[in-house]
Every structure is written in C-alpha cells, then in structure tokens.
> 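Below you'll find the structure I mean.
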2 protein chains.
Amino acid sequence: MTQAPAQDRGARSRDAILDTAGALMARYGYAATSISMISAECGLPASSIYWHFGSKDGIYVAVLERARIALLAALPRAEMAGADVAQRLDAFLADVQDAFQRHPHGLKLLLGLGMVQQDASAAAVAEVHRYRDALVAWAHAALCAVFGLDDRPQVADELARFTLRMASGTAVARWFDPSVGLDTGQLHVALLALAAHHDVPVRATPREGALPRDAADRE
Amino acid sequence: MTQAPAQDRGARSRDAILDTAGALMARYGYAATSISMISAECGLPASSIYWHFGSKDGIYVAVLERARIALLAALPRAEMAGADVAQRLDAFLADVQDAFQRHPHGLKLLLGLGMVQQDASAAAVAEVHRYRDALVAWAHAALCAVFGLDDRPQVADELARFTLRMASGTAVARWFDPSVGLDTGQLHVALLALAAHHDVPVRATPREGALPRDAADRE
DNA sequence: GTCTATACGCAGATAGAC
DNA sequence: GTCTATCTGCGTATAGAC
C-alpha cells in the first residue's frame, strides 16, 4: 500500500476533503461551514483545499456531485420481480428506506444547501438540480415498474414526487427529532390509495390484513 | 399620525427590523443573512438593531416568535360544521392550503434556520421547537374534529405529522420550482386512506366521483 | 501536492455623542 | 432610540517556498 505512486496521494486528500466537507455542510449548512472548519477537521491546510477545488463553491459542487453518483450507484435498478403490486411496492419502499437510512447526507445537503440557490453560482445551482432530477427519475422508473405505469407517465410522476416530498418532509422532521424515520407503512397506504384514485389497476385493494406495518416483516 | 408619541417610534422600528430580517432569513437562511444586509435594507444602522435585539441570535428568536404568533392567530379554530368527513376534510385542507400560501415565511424560516439547531443558543432552539409544536398541535386538533378522533389521539397525531411532513416536503420542492403548490387533492386521498387503514369510520369511502381535484371547486 | 505566511474585507458587536 | 465611528476576529482567497 505504501508503495502507491505519489499520484494518488492527491486523490486520497481530495476524498478526505470531500468527506469532511460533506459531513460539515450537511450538519451546518453551506453558509455556516467555513474553510477553516474543513481544514481543521481533515488536517490539510486551507491552501491545499483551494488547490483542489478553487473555491468554497467548487467544494460544494464536488461534494454534491460525488454524493449523487454514490447514491445512484447504490440505488437498485428497477427489476421488480414481485408477483402483485403490494409486494413490488414493499420492495420499492424498502429501497427508499434503505437509501434514506444509509445516505442521510444526500437529502441533508439538498435541504441545507438548497437555499444557496438564491445567490449561488450557476454551477452550484445546476448541480443541485441534477441531484434532485436524478432522484425524481429513479423514483419515476421504479414506480412505473411497481404499478405498471409505462403508458401513464403523468401518474408515475405524481407518485414519484409525492414520495420524494414525504422523504424531504421526513428529513426535516428528523432534525427536530433524530429518532424519526421514514414511515414506509404510511407511504404504502398512501401510494396505493393515490394509484387507485387514478384508476390504476391495483389487485388486492388496500384492506387491513394486506398491509405490513414494516416492510421487513414479510416472509 | 405624526403626533404619535415618540414612544412608538421604537415599536415601528422594531417591526421594520423584524420584517426585513424575516424576509432575508427566509430567503438566504440564518447564517447567510448578515446584520449589514438587514441594516441596509431597513435603513436603520446596525447599532439600532443591536439596541433592540442584543444579538443576531436575538433577532432570529424574535422573528420566529412573531411569525408563530401571527400564523396561529390566522389559523381558524377547529369549528368543523361540515356534514360528512369528506367535507370537513376539504375545509381543513383549504385552511392548510391558505396558511401555506399566505404565510410562506414560516415554513421557510423553519427550513432555513432549523439547521441552526446544531450550534444555536438554547433560546433559539427552544423557539424553533415552539413553532413546530404549535403547528403540530393545531393540525392535531383540526384532524380530531375532521375524523372524530378525540378518543384516538395517536391516530390524530400520525395524521397531523403526515400532513406537516407533506407541507415541509412541498416547501422544499418549492425552492426548486416556485410554481409548486400544496396538492390538497393528494392529501385528501392519502389522509382518507390512512384513516381508513386505522379503522376510523369514514363514511363515503374514497371513490372517483367524491374527490374534488381542487378543494375550491365545490359549490 | 503540501506547506507557512499573509492580504483584504466583512462579519458580529460596542462606545458614546446626540 | 438613533446616530457615527470603531474594535477585533474570522471569513475567503492567494503567494511562493519546498
């Protein structure tokens, strides 16, 4: 390991900076995170940080870009094998739940930094939107597979946006009470009802027995 | 008017400061809003601002407190006169929609400033929670009246938190696309389904004809 | 690529005349 | 209560040796 070419020292530093910058910005927000904080936490001097990213704005863009790529790589492709809608929906919600638990930085970055929009650079604004659009597109595709909505993209879009708003709202609720988690049971009921409301064929209309309160307890 | 006792000059200045500080903090967030910005926008020198509020933190607490009082005063008491659940639910959602449209600052302050939590003063943290708790309590009471849940407070709590998370998530979506509004149609369907899922007696089970897409279009 | 040292401005906050 | 003037420190960002 120590024989690694000097070339990757830079890459490792770069990653270390992005790690600490991402954590700090997710915690305190963009404006409240200073270069000195990042420098102190990751050990590298401020000038190294500027050498890698050029500006505070550049750090933010790089952080968000890396978070987006990591999240999308972790999200499973929509290969829905479940027999009926309820099962596929549970599988989808388990994925969402999983992403929500394991990548808490992503949404927090969007929340804490979204306000940057108001005065941020064009690059930062573009990157924020890219992150959001990627999430919407993923949820859209997954919900198409769950409900068989390939011929009704508008409905899929509505359901995707509904899901993301619930996730965002839950992320907000979480900084009031960190024990709050995404309630997949609620989402299950709500998404089924919304689909039915749009006349999407949903075998096994929501009845009490068919609704696991936790997506993990079937089998 | 001009003969007003000198005493209320201070009160008017105080209000002016709170107005501009609230607008700026809702737009840029707490950390990104500086005293000089507030001073420049409202015309009063920085020292006057400090005379009134003592510190930047004090400004935030006062802004949020005033926003909470104003919002709660504007929210109608829960005198649900509607005949059936669907009608009372529509009335409730119209109130929520109204508050959402007319008091955009409130949620934005919570969103943009909530992160202050991480390093803010005890007073600021307390005020943020007071604002949130007041919203939850209002929604709880209103939903009790809508669904007749006085004997099932847990269900009312779940529905109230669901509603607030949707509202928060929509506020987030809004800074990506300002034209986004709270979709009361979705909320109507989702809340009815959640209530039914908890075996709350809901006359007129959600069917297509009974669901106005816009809460305003019933005669 | 990483370091020390530093420029420059604006941040939050205060003093004291009026 | 409001003003002018000012203090101190930290913010972003850069220069230049190694």
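Lettering of chains follows the sequences in order, A, B, ..., and the numbering in each one begins at 1. Note that the coordinates shown come from a computational prediction; the quantities given were computed from them, not determined experimentally.
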> To the nearest Å, give me how far apart CG (B:D8) and C1' (D:dT2) are.
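From B:D8 CG to D:dT2 C1': 15 Å.
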> Distance check needed: D:dT14 C1' versus A:F53 CZ, whole Å only.
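Distance, rounded to whole Å: 18 Å.
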> For B:S39, report the nucleic acid contact type (base, sugar-phosphate, nothing); a contact means any heavy atom under 4.0 Å.
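Nothing, no heavy atom under 4.0 Å.
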> Short question: side chain of B:R165, backbone of A:G169 - any donor-acceptor pair under 3.5 Å?
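Checked: no pair found.
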> With a cut-off of less than 4.0 Å, is there a side-chain N or O of B:S34 near OP1 or OP2 of C:dA11?
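Yes, B:S34 has a side-chain N/O under 4.0 Å of OP1/OP2 on C:dA11.
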> For DNA chain D, which residues in residues 41-51 of chain A have a heavy atom at a distance below 4.0 Å?
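Per residue number, the list reads A:S47, A:Y50.
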> Check side-chain contact (heavy atoms from CB on, under 4.5 Å) between A:P45 and all other residues, then give those that pass, not counting sequence neighbours.
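A:P45 satisfies side-chain contact (heavy atoms from CB on, under 4.5 Å) with A:S47, A:S48 only.
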> Any pair with a residue in residues 130-146 of chain A that passes salt bridge (Lys or Arg N to Asp or Glu O under 4.0 Å), sequence neighbours left out, goes on the list, sorted by first then second residue, please.
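Every salt bridge (Lys or Arg N to Asp or Glu O under 4.0 Å) pair that includes a residue of residues 130-146 of chain A, provided the two are not neighbours, is A:E127-A:R130.
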> Can you name the side-chain contact (heavy atoms from CB on, under 4.5 Å) partners of B:F100, sequence neighbours left out?
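Result, side-chain contact (heavy atoms from CB on, under 4.5 Å) vs B:F100: B:L107, B:A167, B:T170, B:A171, B:R174, B:L182.
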> C:dT2 phosphate, OP1 or OP2: any side-chain N/O from A:S13 under 4.0 angstrom?
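For A:S13, the contact criterion (side-chain N or O under 4.0 Å from OP1 or OP2 of C:dT2) is met.
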> Using the salt bridge (Lys or Arg N to Asp or Glu O under 4.0 Å) criterion, which residues pair with B:R102? Sequence neighbours excluded.
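Only B:D98 meet the salt bridge (Lys or Arg N to Asp or Glu O under 4.0 Å) criterion with B:R102.
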> Between C1' on D:dA13 and CD1 on A:I59, what's the gap in Å once rounded to a whole number?
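After rounding, the reported distance stands at 11 Å.
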> Could you check how far CD1 of A:I35 sits from P of C:dC3, rounded to whole Å?
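Checked: the CD1 to P distance equals 16 Å.
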> Could I get the full list of salt bridge (Lys or Arg N to Asp or Glu O under 4.0 Å) partners for A:R161, not counting sequence neighbours?
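With neighbours one apart ignored, the set is A:D157.
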> Return the value, rounded to whole Å, for the distance between atom CZ of B:R9 and atom C1' of D:dT2.
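For the pair B:R9 CZ and D:dT2 C1', the rounded distance is 8 Å.
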